[in-house]
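Letters A, B, ... are given to chains in the order of the sequence lines, protein chains preceding strands, and every chain is numbered from 1.
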Amino acid sequence: MAEPRLNLGKATVLLVQASATELDILGQMFIGFGVKGIRKCTSVEDAEAVSATQPFDLMVVDCDIPDGAGYDFVQRLRRAEENANRLAPIMLVCGHAAPSNVERARDCGANFVVAKPLTPPIVYDRLMWMAREQRQWVEAEGYVGPDRRHKAFGPPAGEKGRRHDDLGLEVGLPIGPDLEQDEIDALMNPRRAVA
Amino acid sequence: MSKAAKFFKYENPLAKTVVTKGGLSAEDAIAAAEARVEEVRQPTLEDLDRGLAEIAALRERLGDGDAAALQSMYQEANRIVAVGGVFGLGQLGEAAYSLCELISRFQAGGRFSRAMVDVHLDGLKLLRTPDEHDETHRDQVLSGLRQVTASVG
């Protein structure tokens, strides 16, 4: 099977970085990836104005904008019901994060948090991951964004799940006879059907 | 009583960019991006050096742990975290990360040690020119900086 590729020629990307140097690096990177529609913002105010009028396929937002403005921007966007970018994939990029900001990064509603330095292999890998993710969207009083659970292991032990499709920990009674050993072997060792 | 959470499937606009024909393979996309990023190497390194000079200048304003100077030093160091590793100065970036963590611990615990800052500044200076020092030496410097930072509870 052919290896999946990314065709970002028609994608529109918003880059929000406080540092012009970092913005230049990231801009160059996305041009290399084939993106033609790049919009760069060096402040959250600019990003807010742009995102209110233009839809984006991806946003890359800096955690290191002073006073946690990057987190707040993502959180506001996720709750802005009229904004076309409310569900847009958001990659949050962080340098050093103080302990108080680690939870903010997790809870603001971004799809993925990536640690700096950002290099082309890292960003490409995360982009591919984001393009293929199929998590559900969650809207709750304390959180709006993609489901923070990347894997579904069921509800915590001893608790009833909050989702309608959460399965209980107890295994029910069998609904049919047990498989015979040769039927189990056939599952493990499938063979080509012969007419 | 709090409102029940809503869960629903949504359209991922990036999903349509994943293709099996056309577009760029990972190898080609990364090579093209690396070539593009290379174009900004020189201005980035100049900016990085300005940041290092600013950190050195801020040292003089630290006094007994001046809060504003420490915060400015944190921000400058965090910018080096972001760009060092892009152009082969990964260990410089890691030393800058250690300085950020040190300052963060100072801020959280109300502590300050000029000696701990100074040893980081020496480390940054050394790791800016990695080719002039052998790998073992660089690793030891970085390990020492991390130990210094970890010692601040």
### Under 3.5 Å: donor-acceptor pair, side chain of A:N85, backbone of A:S51
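Judged by distance alone, yes, a pair lies under 3.5 Å.
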### Query
Just wondering, are more than 12 heavy atoms of other shown residues or ligands nearer than 6.0 Å to CD in B:E27?
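No, the 6.0 Å shell around CD holds no more than 12 heavy atoms from other groups.
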### Task
Check the surroundings of atom CG in A:D178: do more than 12 heavy atoms from other residues, nucleotides or ligands lie under 6.0 Å from it?
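Result for CG/A:D178: open.
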Evaluate the side-chain proximity of [Y] to [X]: yes if any heavy-atom separation is below 4.5 Å, no if none is.
X	Y	result
B:D134	B:H137	yes
A:V44	A:R76	yes
A:M128	A:L6	yes
A:V50	A:F56	yes
B:R111	B:V152	yes
A:R132	B:L14	no

Pick whichever of [options] has the most heavy-atom pairs under 4.5 Å with chain A.
options	value
B:A82, B:A108, B:G85	B:A82
B:V37, B:V19, B:N12	B:V19
B:V83, B:V40, B:N78	B:N78
B:G84, B:A31, B:A26, B:A15	B:A26
B:R105, B:Q107, B:E39	B:E39
B:V81, B:V86, B:L24, B:V18	B:L24

### Task
Measure B:S104 against the heavy atoms of chain A and call it side chain, backbone, both or neither at under 4.5 Å.
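Just its side chain gets close to chain A.
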### Message
Using the rule given for salt bridge (Lys or Arg N to Asp or Glu O under 4.0 Å), can you reason through B:E11 versus B:K16, listing the C-alpha separation, both sets of side-chain angles and the distance that settles it, and then say yes or no?
### Response
CA-CA 10 Å; B:E11 189 183 344; B:K16 64 179 182 285; 6.0 Å; no
### Query
If you check every heavy atom in residues 114-127 of chain A against those of chain B, which residues fall under 4.5 Å?
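Near chain B, by residue number: A:K116, A:P117, A:L118, A:T119, A:P120, A:P121, A:Y124, A:L127.
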### Message
Heavy-atom cut-off 4.5 Å, strictly under: side chain, backbone, both or neither for A:Q134 against chain B?
### Response
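Contact with chain B: none, neither part.
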Any link between [X] and [Y] through a network of hydrophobic side chains (Ile, Leu, Val, Met, Phe, Trp, Tyr) touching at under 4.5 Å?
X	Y	answer
A:V61	A:V35	no
A:L26	A:M59	no
A:F30	A:M130	yes
A:L14	A:L8	no
A:L15	A:F33	yes

Could you list which of [range] have a heavy atom closer than 4.5 Å to any heavy atom of chain A, in residue-number order?
range	result
residues 91-100 of chain B	B:Y97, B:C100
residues 112-133 of chain B	none
residues 41-50 of chain B	B:T44, B:D47

### Query
Given A:I90 and A:L77, is the side-chain contact (heavy atoms from CB on, under 4.5 Å) satisfied, shown in steps?
CA-CA 10 Å; A:I90 297 179; A:L77 183 67; 3.9 Å; yes
### Query
Between A:D24, A:I31, A:L58, A:D62, which has the largest tally of heavy atom pairs under 4.5 Å with chain B?
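Heavy-atom pair counts peak at A:I31.
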### Message
Salt bridge or not between B:D28 and A:R5? Use side-chain N to carboxylate O under 4.0 Å.
### Response
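Not counted as a salt bridge, because no side-chain N and carboxylate O are separated by less than 4.0 Å.
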### Aromatic ring pairing B:Y10/A:W137, orientation class (parallel under 30°, perpendicular over 60°, tilted between)
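The arrangement is perpendicular - the two ring planes meet at more than 60°.
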### Query
What is the distance from atom CD of A:E22 to atom OG1 of A:T42, rounded to the nearest 0.5 Å?
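It is 12.0 Å, given to the nearest 0.5 Å.
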#### Entry: Step-by-step salt bridge (Lys or Arg N to Asp or Glu O under 4.0 Å) determination, A:R78 to A:E139
CA-CA 9 Å; A:R78 292 308 194 206; A:E139 286 187 3; over 6 Å; no
### Task
Would you verify whether the NZ or CZ of A:R148 falls within 45 degrees of the ring axis of A:Y143 while also being under 6.0 Å from that six-membered ring's centre?
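So A:R148 does make the cation-pi contact.
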